[in-house]
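Note that this is a predicted model, so its numbers are computed, not measured. So you know, we letter chains A, B, ... as the sequences are listed, proteins then strands, and number each from 1.
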There are 2 protein chains.
Amino acid sequence: MTAPSVSYEGHDCRMVSSVLARVGDKWSVLVVMYLGGGPKRFNELKRMIGGVSQRMLTLTLRGLERDGLVTRTVFPTIPPRVDYELTDLGRSLREPVSALGGWAQAHQDEIEASRAAFDKAAG
Amino acid sequence: MTAPSVSYEGHDCRMVSSVLARVGDKWSVLVVMYLGGGPKRFNELKRMIGGVSQRMLTLTLRGLERDGLVTRTVFPTIPPRVDYELTDLGRSLREPVSALGGWAQAHQDEIEASRAAFDKAAG
DNA sequence: CAGAATCCCGGAAGATACTG
DNA sequence: CAGTATCTTCCGGGATTCTG
């Protein structure tokens, strides 16, 4: 019943790993999620995410842009304005990430209980 | 059509992030994937994954065990034997991870092309 | 406002050696 | 075989400062 629609065996598992390395990155996920609500400006994202340094946000956005998940649009005004928006590819990522989010939500308590029990047993 | 079954807005996005921090971990993913094929011993996993140090594999398995995704069974024989196996929770994770794997597979070329173009433009 | 540049530190992770 | 222990190296990432 939990049979995956795509089997693990039969293709290079490392590819999944490398994609998760990007997608699973803490800030990248949050950016993709928040950009799902529409285009955002730099500081707008920074405020929404909260706890991210401008350096990390810059690097994260750069990485997402490089992978074709996000577009960067500069308005040559004063003060400058830059909009970030998901590409079609970026939007298509929301679905599988959302599935993982759903899993996280469904099993969060289970995981936390397991951690507590494990930590208690190990002292 | 790409409408997610679980919306991003409406629950704490950081939870998804924290789960991805574990699940998205390079070695954790690979371990879960390989254990999907049935119970494995330590060095068996090490050989299958390849490129992982015994230290990292130990830490990864410990983390997965702590989260209740993997069970560790010790056979008090000489030489010692330890089997690692996915729990029900661990098996349930395969489905959403597989979805992400499918996405990775489907868009790999697109991503690589985007990276190449980006790197070329940036010099 | 949106970044670039610089400094700096703690933790992540490899290599190696030892053990029950 | 399945780890633990130790050392060391590396770099992710925060804080701060400067610019177009």
State, to 0.1 Å, how close [X] and [Y] come at their nearest heavy-atom pair, and which atoms those are.
X        : Y       : value
A/Val74  : A/Pro76 : O-CD, 3.6 Å
A/Gly90  : A/Val32 : O-CG1, 4.3 Å
B/Leu100 : A/Pro96 : CD1-CB, 3.4 Å

Taking only side-chain nitrogens and oxygens of [X], does any of them come within less than 4.0 Å of OP1 or OP2 of [N]?
X       : N     : answer
A/Arg41 : C/dA2 : yes
A/Tyr84 : C/dC1 : no
B/Arg62 : D/dT4 : yes

Can you measure [X] atom [atom1] to [N] atom [atom2] for me and round it to whole angstrom units?
X       : N      : atom1 : atom2 : value
B/Leu45 : D/dG3  : CG    : C1'   : 14 Å
B/Glu44 : D/dA2  : CD    : P     : 9 Å
B/Asn43 : D/dT4  : CG    : C1'   : 14 Å
A/Lys40 : C/dG3  : NZ    : P     : 16 Å
B/Asp25 : C/dA12 : CG    : P     : 11 Å
A/Leu59 : D/dC11 : CG    : P     : 15 Å
A/Phe42 : C/dC1  : CZ    : P     : 12 Å
A/Leu61 : C/dA4  : CG    : C1'   : 15 Å

Please check if the side chain of A/Ser92 supplies one atom and the backbone of A/Leu89 the other of a donor-acceptor pair under 3.5 Å. yes
Full working for side chain to side chain contact (heavy atoms under 4.5 Å, CB included) between B/His107 and A/Leu93: CA-CA 10 Å; B/His107 301 289; A/Leu93 180 58; over 6 Å; no
Against B/Leu64, only a single residue in B/Asp25, B/Leu69, B/Leu86 fulfils side chain to side chain contact (heavy atoms under 4.5 Å, CB included); can you say which? B/Leu69
In terms of hydrophobic clusters joined by side-chain contacts under 4.5 Å, are A/Phe118 and B/Val31 together? no
Walk along nucleotides 14-20 of chain D from 5' to 3' and tag each nucleotide B, S or - by protein heavy-atom contact under 4.0 Å, base first, then sugar-phosphate. BBBB--B
